S.K.: 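Mind having a look at this structure? Questions to follow.
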Amino acid sequence: MHEQKESAIFHERQPYQPNRGSRINKQDQRQAAIDMYGKDVIESAIEKQKGKEQELTAGFNEIFFAFANNKSHQLEADSIENVALAKRLHDHLCKYSFDCPVSTFKDIGYNYVQNEEFKEQLDQFGEGTAQYVCDAIIEYVNKNI
């Protein structure tokens, strides 16, 4: 009975929607990304995403819901299942954004927790999801360096 209740709550959570309820505007976000990754990388990512926004967002939703589901089933963040999800997330970023080196992916993982906006978005999937994803990313990166 307890699992059914958790499952019902899980499906009511809001999916990932980039910039939803954002406290900073798109121009500020773009500039922050340029400062972090460089203008060429960001402009290339924008081009790569054109016309694929729904596919990009659906992929993020699928991956982040899977992380939240694993967390709700008390799988450890560094479990083989979550390391595989971190790989899927890394591959998704590389396919739709930029060729993301593993070391940069680690920084993105930390950013999911340290950046309040990212943390808030990921925690919409379930309390603590941002930290859980970060921990899975770190384990994935450590196994691939």
Side-chain angles (χ1 to χ4, degrees), residues 3 5-141 143-144:
E3 280 187 54
K5 185 176 182 183
E6 283 183 355
S7 181
I9 293 168
F10 176 73
H11 292 295
E12 292 175 10
R13 294 190 181 124
Q14 295 294 320
Y16 172 77
Q17 294 180 0
N19 304 322
R20 182 171 183 234
S22 175
R23 290 185 293 275
I24 59 175
N25 67 41
K26 280 187 174 186
Q27 190 60 35
D28 289 343
Q29 286 178 327
R30 184 172 188 219
Q31 189 56 53
I34 288 170
D35 293 346
M36 184 176 279
Y37 303 111
K39 186 176 182 177
D40 291 342
V41 169
I42 298 308
E43 287 178 356
S44 174
I46 290 168
E47 278 302 309
K48 222 176 185 182
Q49 293 171 10
K50 281 187 181 173
K52 299 175 185 171
E53 293 85 354
Q54 287 182 328
E55 192 175 334
L56 170 71
T57 301
F60 280 132
N61 282 334
E62 183 179 315
I63 294 165
F64 292 137
F65 272 125
F67 273 119
N69 188 46
N70 287 351
K71 185 177 183 306
S72 75
H73 286 93
Q74 300 180 340
L75 280 172
E76 294 295 323
D78 63 354
S79 71
I80 194 165
E81 296 88 350
N82 287 321
V83 171
L85 278 175
K87 180 186 182 335
R88 280 182 55 201
L89 179 58
H90 184 222
D91 291 345
H92 194 70
L93 284 169
C94 290
K95 181 176 181 180
Y96 292 101
S97 293
F98 62 98
D99 187 20
C100 179
V102 173
S103 60
T104 300
F105 188 51
K106 186 175 187 175
D107 293 339
I108 290 170
Y110 286 132
N111 210 13
Y112 285 160
V113 175
Q114 294 170 351
N115 179 299
E116 269 307 307
E117 187 171 358
F118 287 141
K119 183 178 185 309
E120 185 178 298
Q121 284 181 340
L122 290 181
D123 282 350
Q124 287 179 12
F125 291 91
E127 188 65 33
T129 300
Q131 184 65 58
Y132 190 77
V133 171
C134 176
D135 293 346
I137 288 172
I138 301 312
E139 184 67 18
Y140 164 76
V141 168
K143 289 182 179 213
N144 288 285

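Note that the coordinates shown come from a computational prediction; the quantities given were computed from them, not determined experimentally.
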S.K.: Calculate, to the nearest 0.5 Å, the distance between atoms OG1 and CG belonging to Thr104 and Asp99 respectively.
M.R.: 9.5 Å
S.K.: Starting at NZ of Lys106, measure out to CD1 of Ile137 and round the result to the nearest 0.5 Å.
M.R.: 11.5 Å
S.K.: For Glu55 and Lys95: C-alpha separation, side-chain torsions, deciding distance, then whether side chain to side chain contact (heavy atoms under 4.5 Å, CB included) applies.
M.R.: CA-CA 11 Å; Glu55 192 175 334; Lys95 181 176 181 180; 4.1 Å; yes
S.K.: Grab the two heavy atoms, one from Ala136 and one from Phe67, that are nearest each other, plus how far apart they are.
M.R.: CB-CE2, 3.6 Å
S.K.: Return the CD1 to SG distance between Ile108 and Cys134, rounded to the nearest 0.5 Å.
M.R.: 11.5 Å
S.K.: Donor-acceptor pair, distance only, cut-off 3.5 Å: does the side chain of Lys71 make one with the backbone of Glu127?
M.R.: yes
S.K.: The criterion is salt bridge (charged side-chain N to carboxylate O under 4.0 Å, His left out); which residues satisfy it with Glu62, sequence neighbours excluded?
M.R.: Arg88
S.K.: What is the distance from atom CG of Asp135 to atom CD of Gln131, rounded to the nearest 0.5 Å?
M.R.: 4.5 Å
S.K.: Can you tell me if Asn144 uses its side chain to pair, donor with acceptor, with the backbone of Tyr140 under 3.5 Å?
M.R.: yes
S.K.: May I ask you to check whether over 12 heavy atoms, not counting those of Glu76, lie within 6.0 Å of atom CD?
M.R.: no
S.K.: With a 6.0 Å cut-off on the ring centroids, do Phe60 and Tyr96 count as close?
M.R.: no
S.K.: When you compare the side chain of His73 with that of Glu81, does any pair of heavy atoms fall below 4.5 Å?
M.R.: no
S.K.: Run the side chain to side chain contact (heavy atoms under 4.5 Å, CB included) test on Phe125 and Tyr132 for me, step by step, so that the C-alpha distance in whole Å, both residues' side-chain angles and the decisive distance to 0.1 Å come before the verdict.
M.R.: CA-CA 11 Å; Phe125 291 91; Tyr132 190 77; over 6 Å; no
S.K.: Ignoring hydrogens, what is the shortest heavy-atom contact between Asn115 and Glu117? Give both atom names and the distance.
M.R.: OD1-N, 2.9 Å
S.K.: Out of curiosity, Thr129 OG1 to Phe64 CZ, how far, rounded to the nearest 0.5 Å?
M.R.: 9.5 Å
S.K.: With rounding to the nearest 0.5 angstrom, report the NE2 to CD1 distance, His92 to Ile63.
M.R.: 5.5 Å
